[in-house]
Each structure stands twice: as structure tokens, then as C-alpha cells.
K.L.:
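Can you keep this structure in mind? I'll have questions shortly.
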Number of protein chains: 2
Amino acid sequence: MSIRDLARHLDISIGTVSRALNGKSDVNPETRERVLVAAKKLGYVPNQSGRSLRQGTTNTIGFMIESTIESADSGGNFFMPVFEGVQSVFRRHHLDLVALLCGTDEDPATYLNRVVGRRFVDGLIISATTRNDPRISFLLERKIPFVALGRSATRGSYPWIDLDFEGVAATAVARLVHFGHRRIAIGVPASDINLGYVFQDGYKRALKMSGIHFDPELVLRAHSNEEGGYQVASGMLAQKQMPTAVILVNENMAIGLYRRFYEAGIHPGRDVAVVGFRESTQSRFLSPTLTCFRISLRDLGIKLAEALLSTMPAFMSNYPQGRIELVWPMELVPGESDRLWRGT
Amino acid sequence: MSIRDLARHLDISIGTVSRALNGKSDVNPETRERVLVAAKKLGYVPNQSGRSLRQGTTNTIGFMIESTIESADSGGNFFMPVFEGVQSVFRRHHLDLVALLCGTDEDPATYLNRVVGRRFVDGLIISATTRNDPRISFLLERKIPFVALGRSATRGSYPWIDLDFEGVAATAVARLVHFGHRRIAIGVPASDINLGYVFQDGYKRALKMSGIHFDPELVLRAHSNEEGGYQVASGMLAQKQMPTAVILVNENMAIGLYRRFYEAGIHPGRDVAVVGFRESTQSRFLSPTLTCFRISLRDLGIKLAEALLSTMPAFMSNYPQGRIELVWPMELVPGESDRLWRGT
DNA sequence: TATGAAATCGTAAACGTTTACGGAGTCCAA
DNA sequence: TTGGACTCCGTAAACGTTTACGATTTCATA
């Protein structure tokens with residue numbers, strides 16, 4: 001069922017059929033109608049390879065997510081709503097979104113090279129950017145439209161949207177200090193993901209603002225999952241003077257952290273204050289409920305999509321131009337995990 | 001940087017270049033070497049649209065996952081490891097895997113129709129199959145290679161791999177009965193997903209085996225997330241005679257269920273027995289740890305990939321033929337959530 | 001009626017591959 | 001010297017689209 005079959009069936013030329021289907025102006029409204037109903041009746045769908053080859057564009061956007069060991073068990077629930085948002089924008093422009101999974105046994109940069117080289121996608125959204133992310137320089141030099149979810153320390157100008165981890169650290173520290181805490185630990189990712197650095201910097205700055213000396217012992221590196229949280233709690237318990245509060249950068253860590261404290265007879269929200277990261281159904285139903293930060297992942301996805309489209313020649317005209325370096329604000333959602341504190 | 005440029009640069013014909021790159025036999029080993037090094041040096045990557053158009057095959061497999069409201073916050077951590085497994089097999093065959101996200105505002109069947117019609121993928125893995133899944137009959141009639149993760153009640157023969165929810169129900173019921181329980185509730189998905197039916201059937205059968213009368217009141221429908229778990233617990237608490245045990249079909253429900261019971265002063269693992277579904281880092285670090293079922297998602301992914309390849313003409317020869325209707329066994333992992341039971 | 005513009009459509013080239021086919025060598029045996 | 005077998009390579013068609021261009025028709029106007 002190619003366009004040729006359709007044309008034969010209607011006894012008109014394939015050029016006219018193509019123009020009719022693509023909404024070109026120089027075609028009789030009446031024949032256009034005939035073409036459209038015939039296409040629907042015969043179930044004609046244009047072959048994407050053919051049109052891609054001709055137009056040099058695939059109408060497909062790739063969202064690259066890495067299923068690293070660390071995030072394998074936790075990344076999904078974050079990305080799904082983001083996809084939703086991205087897709088809601090793309091649909092209006094007849095763009096398809098595919099998620100590109102880079103396995104753990106392949107280097108993200110070479111994977112990207114293959115995908116881009118094949119002309120598989122017209123644009124990319126990359127996520128989980130590392131401190132110096134080779135993908136960014138690669139995409140810049142190849143002039144592939146992209147937007148990064150998470151900035152990086154890479155030189156050069158490129159569009160990125162990043163969560164305000166510095167703000168998270170500042171808000172959390174200020175709140176905990178206000179509750180009387182002085183010894184505040186943080187759990188940061190063990191990987192090279194850039195958010196860890198941003199978060200840690202924000203933490204230090206916030207401590208300085210409160211006149212608290214920075215103690216490197218309070219920075220606990222761990223994987224961003226339940227087991228990592230368990231280790232963070234263990235690290236806190238092992239210190240001669242246990243921190244009275246902790247800020248986590250991932251909500252899954254909270255579960256393991258709770259667990260470890262329970263085992264030690266310590267009750268989060270009563271004996272130790274916990275601030276988690278992202279508000280979710282999970283954080284709302286934990287016991288104690290987690291004080292954390294709210295973010296509309298769907299809106300984030302929408303913004304990502306718009307940012308990308310504003311850099312793509314075919315869609316630029318519909319979107320405002322200019323640098324895109326956006327720090328996404330988050331709102332603190334009070335929970336029980338840091339409220340029941342009664343002082344040392 | 002097309003194959004034509006490469007040929008010009010080497011001063012040989014494009015046909016020879018193509019044959020050299022594709023490992024055809026009728027090419028001088030020496031010139032092949034020249035082609036390969038030049039291709040690498042110039043960074044040539046074949047245009048996928050061109051080859052797809054010519055060969056009628058895209059070398060791409062789609063894994064369709066629906067980001068329904070229900071699973072939006074929980075589906076990810078399940079699929080990531082599965083992707084890993086699938087991809088490990090595909091890589092050997094130079095197949096690319098993309099995740100196809102069907103948004104909540106689009107009908108899965110029409111989405112599938114578009115993707116398939118465009119000749120975007122050579123094969124498909126579909127998941128979250130419903131009771132009567134229109135995608136299955138669609139793919140069957142269009143003769144698109146596919147494998148379903150989760151069987152369906154649809155007539156016709158097609159390859160599927162399904163988790164052994166009947167076995168889960170049987171094992172859990174038998175165990176709980178052995179611990180002295182007679183009034184065992186279950187939490188099943190509120191959606192039309194087929195696993196809910198399978199699970200429920202297994203539950204009924206297991207009750208009959210133990211000589212326990214089936215009470216429809218004990219079947220509690222809810223979303224497969226934390227909030228759903230909360231509602232299941234509420235449902236149990238509301239009954240004149242509260243069930244002494246509950247089996248959940250999703251581990252995220254456990255968190256909300258725990259929450260609700262805590263609020264009522266009831267301790268899971270002491271006052272009520274809970275059996276969850278899938279073993280994960282989460283289930284291991286909950287308090288109490290969840291008695292649940294272990295499954296290697298990576299192996300599941302590998303099996304899915306092999307099943308699909310065995311139905312695709314280009315790869316059939318490498319894989320055993322025959323019907324693929326596989327019930328994937330799961331092993332019970334004892335936790336604390338159903339062990340501390342001391343009887344009524 | 002002649003003319004030109006507008007509307008509508010057909011023709012053919014082009015996108016980047018792969019591959020069937022045939023041609024040009026080379027080598028060896030008859 | 002001829003013929004055949006073999007190796008290697010070039011030629012050109014084909015995949016399904018889109019689109020620039022020109023051809024034809026219609027229609028109003030001079």
C-alpha cells in the first residue's frame with residue numbers, strides 16, 4: 001500500500017496524491033477530499049523511510065535516558081511524567097518521541113554517535129548530564145538540535161533546563177537551621193552526575209549563610225536508591241557526634257534511610273530530621289511522610305519540548321528565540337519527617 | 001558525508017563501498033580495509049532512511065509501554081532492567097531498541113497503527129496487555145512480528161511471555177493458610193490489565209484448594225500505586241471482620257498500605273500479614289521488609305528478545321521455532337511482613 | 001477573439017542505500 | 001591460443017516519498 005497504489009486506485013498522479021495529503025495549496029479541494037477518504041479507507045500511511053530520505057528529516061525526537069546501575073531501579077518513575085509533557089507538545093507538530101535507552105555496557109557517547117550518524121532523529125533531549133559530559137560537545141560540534149535536562153560544566157553555550165538543586169539545598173538548610181539543627185548531613189550521588197556538585201555547592205553556600213562551619217564528614221556519597229539511603233544512615237550513625245538532620249537528593253534513599261534508623265531504634269521525624277527530594281505518591285505515603293520538594297514533571301517536559309523546538313529550524317518561528325538556561329524552581333512540601341523535632 | 005562522498009574520496013564505486021562495509025564476499029580484502037579505515041576516519045555512518053527504504057527493514061524494534069495514569073509513577077523501575085536484557089540480545093544482531101511511549105491522551109491502538117504504518121519498526125514488544133487487547137488482533141492481521149509481555153484473552157495464536165501470577169496467588173495463599181490465616185484479602189488493579197484477572201483466578205483456585213469459601217468482599221480493586229495501597233488498607237479496616245492477611249500485586253501499594261495501617265495503630269508483620277509482589281531494592285528496605293516474589297527482569301528481557309527474533313524472518317534461523325507461550329516462574333522471597341504473625 | 005493570470009495537475013528528478021547483473025581482468029589447463 | 005573459472009569491481013535500477021517545473025485548462029478581461 002504505497003502512494004503509487006493509492007494514485008493508481010484513484011487514477012491520478014502520485015504527485016497530486018502527495019500534495020493532497022500534505023495539505024499543499026495547489027490541489028482541487030474536491031480531489032483532495034477524494035484522496036483523503038481513499039487513504040483512510042485503504043489504510044494508507046506514508047512510509048517514513050521514504051519521506052525521511054526525501055526531506056532529510058525524520059519527524060522523530062529522541063529522549064536519551066541512561067539505565068545505569070544506579071538509576072535502573074529508580075529512574076523510571078521520574079521520566080514517565082516528563083515524557084507525557086514532552087509528547088503533548090510534540091503531538092501538535094506531528095513529531096514522534098522515542099526513548100533511547102543506552103545500556104550499561106555501551107558508552108553513552110558512542111551510542112549517541114551511532115544514533116545521530118544514522119540520521120535517526122531530528123533532535124535530542126539528553127538527561128543525567130555529568131560534570132563534563134562528552135555528549136554536549138559532540139552535539140554542539142555536529143550542530144544537532146538538543147536540549148539538556150541538567151546543566152554541565154562543559155564550556156560553550158547550549159540550551160539546558162536544570163532543577164534548582166542549589167535552591168533545594170538552601171531552602172532545606174535554612175529550614176533545618178531554623179528548627180535548631182547545626183549538624184546537617186547530606187546524601188549525594190556517588191556518580192559523576194552534575195546535580196551532585198550543584199547540590200553540594202548549594203549546601204556549602206547555605207551553611208556559610210547560616211554561619212555554620214562546613215564539615216566534609218557530613219557529605220555522604222551513596223547510590224541514589226534505597227540501599228544508598230541505608231548506607232547514608234549507617235554513615236551518620238557511625239559518627240562520634242551523629243548529625244541531627246539529613247538532606248537527601250533522591251526520594252528512594254529515604255526508604256533505606258528510614259530502615260536503618262529503625263534498626264537503630266531511632267525514629268525519623270522524632271529523633272532525626274529528614275528532608276527528601278522529590279514529592280511523589282511515594283513521599284506522601286511513607287511513614288513519616290517525607291518533607292520534600294514539589295515539581296511538575298509534566299510542565300518540565302513541556303518546557304523541554306518547547307526549548308528544543310525553539311532551536312530547530314523547522315519550528316523556530318513558532319517559539320521565542322534566545323538563550324535557554326533555565327533553573328527550574330521547586331516548592332517545599334512540608335511532611336512529617338522533619339516536623340516533630342523537639343530539639344536536642 | 002554520504003556513501004557517495006566516501007566512494008569519491010577513495011576513488012572507487014559506491015557499490016564496492018557498500019559491499020565492503022556490509023561484509024559481502026566479492027570484494028578484495030585490501031580494498032575493504034581501505035574502505036573501513038576511511039569510513040572510520042571520515043566518520044561515515046550509513047543513513048538509516050536510505051537503507052530502510054532499500055531493504056524494507058529498519059533494524060529497529062519498538063518496545064511499547066503505556067504511561068497510563070496508574071502506572072506513570074511506578075512503571076519505570078520495572079521496565080528499565082527489562083530493556084537492559086532486551087538490548088543485550090539485540091546488540092548482537094545490530095538491532096536498535098526504542099521505547100515507544102503512548103501518551104495518556106492517545107488511544108494505544110491508533111498509536112500503534114501510526115507507528116506500524118509508517119514502517120518505523122521491524123518488530124514490537126507490547127506490554128501491559130489488557131483482557132481483550134485490540135493491539136494483538138491488529139498486529140496479527142497485519143502480520144507484524146511481535147511478542148506480548150503478558151497474555152490476553154484474545155483469540156488466536158501469538159507469542160507471549162507472562163509472569164506467573166497464578167503461581168504467585170497459589171504460593172501466597174498456601175503460605176498464609178499455613179500460617180493460620182483464613183480471611184485473606186487481595187489488592188488487584190482497577191484497570192482492565194489482564195494480570196488482574198489471572199491473579200484473581202489463581203487466588204480463587206488457591207482458596208478452593210485450601211477449602212476456604214470465596215468472599216467477593218475480599219477482592220479490593222485499586223490503582224497500582226501507593227495511594228491504591230492506602231485504599232486497600234482502608235477497605236480492609238472498614239470490614240466488620242478485618243482480613244488478617246492481604247496479598248498485593250504491586251510493591252508500591254505496600255507503602256501506602258503500611259501507612260494506612262500505621263495510622264490505625266496496626267503493625268504490618270505483627271497484626272496483619274502482607275505479601276507483596278515484586279522483590280526490589282525497595283521491598284528489601286521497607287520496614288517491615290516485604291515478603292514478595294523474585295524475578296530476574298534482565299532474564300525476562302532476554303527471553304522476550306529471543307522470542308521476538310524467533311518470529312522474524314531475518315533471524316528465525318538462529319532461534320528455535322515453535323509456539324511461545326511462556327509462564328515465567330517466580331520465587332518467593334520471605335520478608336518480615338508476614339512472618340511475625342502469632343495467630344488471631 | 002486574443003491574452004494573460006490563476007487553478008490544477010502530471011512529469012521527473014532527487015534523497016542514500018543495496019544488489020542483481022555484467023564486464024574486465026587474471027590464471028590455469030587443454 | 002583458446003576457453004573457462006574465478007576474482008573483483010562498476011553500472012544502474014529500485015525502494016517510497018516530496019517538490020520544482022512545466023503543461024494544460026479555465027476564466028475573466030481587454
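Within every chain, numbering begins at 1; the chains are lettered A, B, ... in the order of the sequence lines, protein sequences first and strands thereafter.
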K.L.:
What residues form a ring pair (Phe, Tyr, Trp, His ring centres under 6.0 Å) with A:Phe63, not counting sequence neighbours?
P.N.:
A:Phe79, A:Phe83

K.L.:
If I compare all heavy atoms of A:Thr311 with all of A:Pro145, which pair ends up nearest, and what's the gap?
P.N.:
OG1-CB, 3.8 Å

K.L.:
How about A:Arg92 and A:Asn318: do any of their side-chain heavy atoms sit closer than 4.5 Å?
P.N.:
no

K.L.:
What residues form a side chain to side chain contact (heavy atoms under 4.5 Å, CB included) with A:Arg91, not counting sequence neighbours?
P.N.:
A:Gln87, B:Asp105, B:Glu106

K.L.:
Holding to side chain to side chain contact (heavy atoms under 4.5 Å, CB included), I want the full list of residues that pass it with A:Glu141, two or more places apart in sequence or in another chain.
P.N.:
none

K.L.:
Identify, with sequence neighbours excluded, every residue that meets side chain to side chain contact (heavy atoms under 4.5 Å, CB included) alongside B:Arg298.
P.N.:
B:Glu84, B:Ser88, B:Ser296, B:Ile302

K.L.:
Applying side chain to side chain contact (heavy atoms under 4.5 Å, CB included) to A:Thr129 and A:Trp160, what does each step give before you reach the verdict?
P.N.:
CA-CA 10 Å; A:Thr129 47; A:Trp160 53 260; over 6 Å; no

K.L.:
Tell me which donor-acceptor pairs under 3.5 Å the side chains of residues 120-127 of chain B have, and how far apart each pair is, sequence neighbours excluded?
P.N.:
| from | atom 1 | to | atom 2 | distance (Å) |
| --- | --- | --- | --- | --- |
| B:Asp122 | OD1 | B:Thr57 | OG1 | 3.3 |
| B:Asp122 | OD1 | B:Thr58 | N | 2.7 |
| B:Asp122 | OD1 | B:Thr58 | OG1 | 3.0 |
| B:Asp122 | OD2 | B:Thr57 | OG1 | 2.5 |
| B:Asp122 | OD2 | B:Thr58 | N | 3.1 |
| B:Asp122 | OD2 | B:Asn59 | N | 2.7 |
| B:Ser127 | OG | B:Met64 | O | 3.0 |

K.L.:
Walking along DNA chain C from 5' to 3', note the first and the last nucleotide with an atom under 4.0 Å from a heavy atom of chain A, and give both.
P.N.:
C:dT8 to C:dG16

K.L.:
Quick one: side chain to side chain contact (heavy atoms under 4.5 Å, CB included) partners of A:Arg119, sequence neighbours excluded?
P.N.:
A:Arg142, B:Asn47

K.L.:
So which of residues 37-48 of chain A are in contact with DNA chain C, with a heavy-atom cut-off of under 4.0 Å?
P.N.:
none

K.L.:
What pairs of nitrogen or oxygen atoms, one from the protein and one from nucleotides 4-11 of chain D, lie under 3.5 Å apart?
P.N.:
| from | atom 1 | to | atom 2 | distance (Å) |
| --- | --- | --- | --- | --- |
| D:dC9 | OP2 | B:Asn28 | N | 2.8 |
| D:dC9 | OP2 | B:Thr31 | OG1 | 3.1 |
| D:dC9 | N4 | B:Asp26 | OD2 | 3.3 |
| D:dG10 | OP2 | B:Ser13 | N | 2.9 |
| D:dG10 | OP2 | B:Ser13 | OG | 2.8 |
| D:dG10 | OP2 | B:Thr16 | OG1 | 2.7 |
| D:dG10 | N7 | B:Arg19 | NH2 | 3.1 |
| D:dG10 | O6 | B:Arg19 | NH1 | 3.0 |
| D:dG10 | O6 | B:Arg19 | NH2 | 3.4 |

K.L.:
Who are the ring pair (Phe, Tyr, Trp, His ring centres under 6.0 Å) partners of B:His93, not counting sequence neighbours?
P.N.:
B:Phe315, B:Tyr319

K.L.:
Would you call B:Asp299 and B:Trp328 a side-chain contact if the rule is heavy atoms closer than 4.5 Å?
P.N.:
yes

K.L.:
Classify A:Ser2 by what it touches in the nucleic acid, base, sugar-phosphate, or nothing, heavy-atom distance under 4.0 Å.
P.N.:
sugar-phosphate

K.L.:
With axes from five pairs an end, tell me the bend angle of the helix from C:dT1-D:dA30 to C:dA30-D:dT1, nearest 10°.
P.N.:
70°

K.L.:
Which pairs count as side-chain hydrogen bond (donor to acceptor under 3.5 Å, both in side chains) when at least one residue sits in residues 25-39 of chain B, sequence neighbours excluded?
P.N.:
none

